[in-house]
Peer 1: 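The structure under discussion is supplied below as structure tokens; questions concerning it will follow.
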Protein chains: 2
Amino acid sequence: MNKLSNLFKENNLKLTPQRYAIYNYLLGTKSHPSAEMIYEALRPHYPTMSLATVYKTLNTLIELGLVQQLNVGEDNFRFDAKSESHPHIVCLGCGRVDDIDELELDHINQIAQKYTNYKISSSKVYFYGLCAECQAQEKGDR
Amino acid sequence: MNKLSNLFKENNLKLTPQRYAIYNYLLGTKSHPSAEMIYEALRPHYPTMSLATVYKTLNTLIELGLVQQLNVGEDNFRFDAKSESHPHIVCLGCGRVDDIDELELDHINQIAQKYTNYKISSSKVYFYGLCAECQAQEKGDR
DNA sequence: GTCCATGCAAACGGTTTGCATAAGG
DNA sequence: CCTTATGCAAACCGTTTGCATGGAC
């Protein structure tokens, strides 16, 4: 059996087509979509699926540790199927969000631990800037 | 005259008691309050002030660069009078937010720049963990 | 006196919830 | 069959907006 169905079974959860589709969509994209974006993307294939189901499924997947929620500073959340911690970069021009997989920042937890009496368990790092496309467009504007 | 009134004058803004009180409150606290918390804290002194004014004032102060908005992952925003970039730490137990002033992480922008074709302009770092009080309480629970 | 700010209430938008129906195991 | 998930609509909650009144300059 595959890991996913076992994980669902262990938690008394049903592996419905909607859940499968949402998780698969997240696995297959690098775009860190919002719930709304996922809903719109899957609508052609699952025209009866409701936005509420997308939200409920995302929360289920987060509890399972399969998905993480990002807070880039917009008014909504974005979602990422990779649950390991890794930095993200947000374009201030167009709002797109990318991973910076190669950048390894786990050591900053240890460093920060020296400066606080909190017991640090995790961290999130967001970079902000302009993506290649928006840089090009900015040059064009001048 | 003081810097604040000059800054307001330059921008054709009026330095009203409400604006003054909100900014002063933020300068005097380390608690990174939400708009609602600011509203409640000032209510005894400014009973007629509305929550809408708090929001409008905060946005004004952000535009002036006097205040920054934090996104700790809750459903609301928090505000900080120090506008220079510095890391924050969030307690997963009680939700309090503290600064980690001594930790200097500006160099990570340069490091990250090597791994992306974005033009990086800033970054935000959030640590998550348990504050001293919540650690103590957790021990008491067992 | 002019123009911007305040305060109220209503609107807004993303997210959650309640509940009857549908469908996975 | 039993139990959990779905889909719909309504509720929720933080934040924003429109507008008439009030106050800073």
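Throughout, a chain's letter reflects where its sequence line sits, starting with A, and its residues are numbered from 1. Computed from a predicted structure; not experimentally measured.
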Peer 1: For the residue pair A:Ser31 and A:Val97, establish whether any side-chain heavy-atom pair is separated by less than 4.5 Å.
Peer 2: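 Side-chain contact under 4.5 Å: no.
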Peer 1: Between C1' on D:dG14 and CZ on B:Arg78, what's the gap in Å once rounded to a whole number?
Peer 2: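 Distance check: B:Arg78 CZ to D:dG14 C1' gives 14 Å.
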Peer 1: At what distance, to the nearest 0.5 angstrom, does OG1 of B:Thr116 lie from CG of A:Leu103?
Peer 2: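 Reported to 0.5 Å precision, the distance equals 10.0 Å.
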Peer 1: When you compare the side chain of B:Asp99 with that of B:His88, does any pair of heavy atoms fall below 4.5 Å?
Peer 2: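 Side chain of B:His88 against side chain of B:Asp99, heavy atoms only: contact under 4.5 Å found.
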Peer 1: To the nearest Å, give me how far apart CZ (A:Phe77) and C1' (C:dT16) are.
Peer 2: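 My rounded result for the distance is 12 Å.
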Peer 1: How many Å lie between CG on A:Leu51 and P on C:dG14, as a whole number?
Peer 2: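 Between P of C:dG14 and CG of A:Leu51: 9 Å.
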Peer 1: Please report the distance, rounded to the nearest Å, between OH in B:Tyr39 and C1' in C:dT6.
Peer 2: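 Spelled out: OH on B:Tyr39 to C1' on C:dT6 is 13 Å.
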Peer 1: Output the rounded distance in Å from CG (A:Asn12) to C1' (D:dA5).
Peer 2: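 Distance, rounded to whole Å: 13 Å.
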Peer 1: In this structure, how many angstroms lie between the P atom of C:dG24 and the OH atom of A:Tyr20, rounded?
Peer 2: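 Nearest whole value for this atom pair: 15 Å.
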Peer 1: What nucleic acid atoms does A:Gln18 come within less than 4.0 Å of, heavy atoms only: base, sugar-phosphate, or nothing?
Peer 2: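 If one applies the 4.0 Å heavy-atom cut-off, A:Gln18 turns out to touch the sugar-phosphate alone, with no base involved.
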Peer 1: Quickly work out the B:Lys14 NZ to C:dG7 P distance and round it to whole Å.
Peer 2: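 Whole-Å distance recorded here is 14 Å.
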Peer 1: If you check the B:Arg19 side chain, which of D:dT6, C:dA9, C:dA5 turns out closest?
Peer 2: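 Of the candidates, C:dA5 comes closest.
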Peer 1: If you round to the nearest 0.5 Å, how far is CD of A:Gln113 from NZ of A:Lys119?
Peer 2: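 The CD atom of A:Gln113 is 6.5 Å from NZ of A:Lys119, to the nearest 0.5 Å.
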Peer 1: Both B:Ser34 and A:Thr48 contact DNA chain D. Which one's nearest nucleotide lies toward the 5' end?
Peer 2: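 Its nearest nucleotide lies further toward 5', so the answer is A:Thr48.
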Peer 1: Using heavy-atom distances to pick each residue's nearest nucleotide on DNA chain D, tell me which of A:Pro47 and B:Lys56 is more 5'.
Peer 2: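 With B:Lys56 and A:Pro47 compared, the 5'-side residue is A:Pro47.
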Peer 1: Considering just the side-chain nitrogens and oxygens of B:Tyr55, establish if one lies under 4.0 Å of OP1 or OP2 belonging to D:dT15.
Peer 2: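 Checking B:Tyr55 against D:dT15: at least one side-chain N or O falls below 4.0 Å of OP1 or OP2.
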Peer 1: Less than 4.0 angstrom between a side-chain N/O of A:Thr16 and OP1 or OP2 of D:dT6, yes or no?
Peer 2: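 A:Thr16 to D:dT6 OP1/OP2: side-chain N or O found under 4.0 Å.
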Peer 1: Assess whether a salt bridge exists between B:Glu133 and B:Arg96, defined as any Lys/Arg side-chain N lying under 4.0 Å from an Asp/Glu carboxylate O.
Peer 2: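 Here B:Glu133 pairs with B:Arg96 in a salt bridge, since their nearest N and O are under 4.0 Å apart.
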Peer 1: Give one of base, sugar-phosphate or nothing for B:Thr53, where a contact means two heavy atoms less than 4.0 Å apart.
Peer 2: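 Counting heavy atoms under 4.0 Å across all strands, the contact made by B:Thr53 includes a base.
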Peer 1: Whole angstrom is fine here: how far is it from CG in A:Asn76 over to P in D:dG14?
Peer 2: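 My rounded result for the distance is 17 Å.
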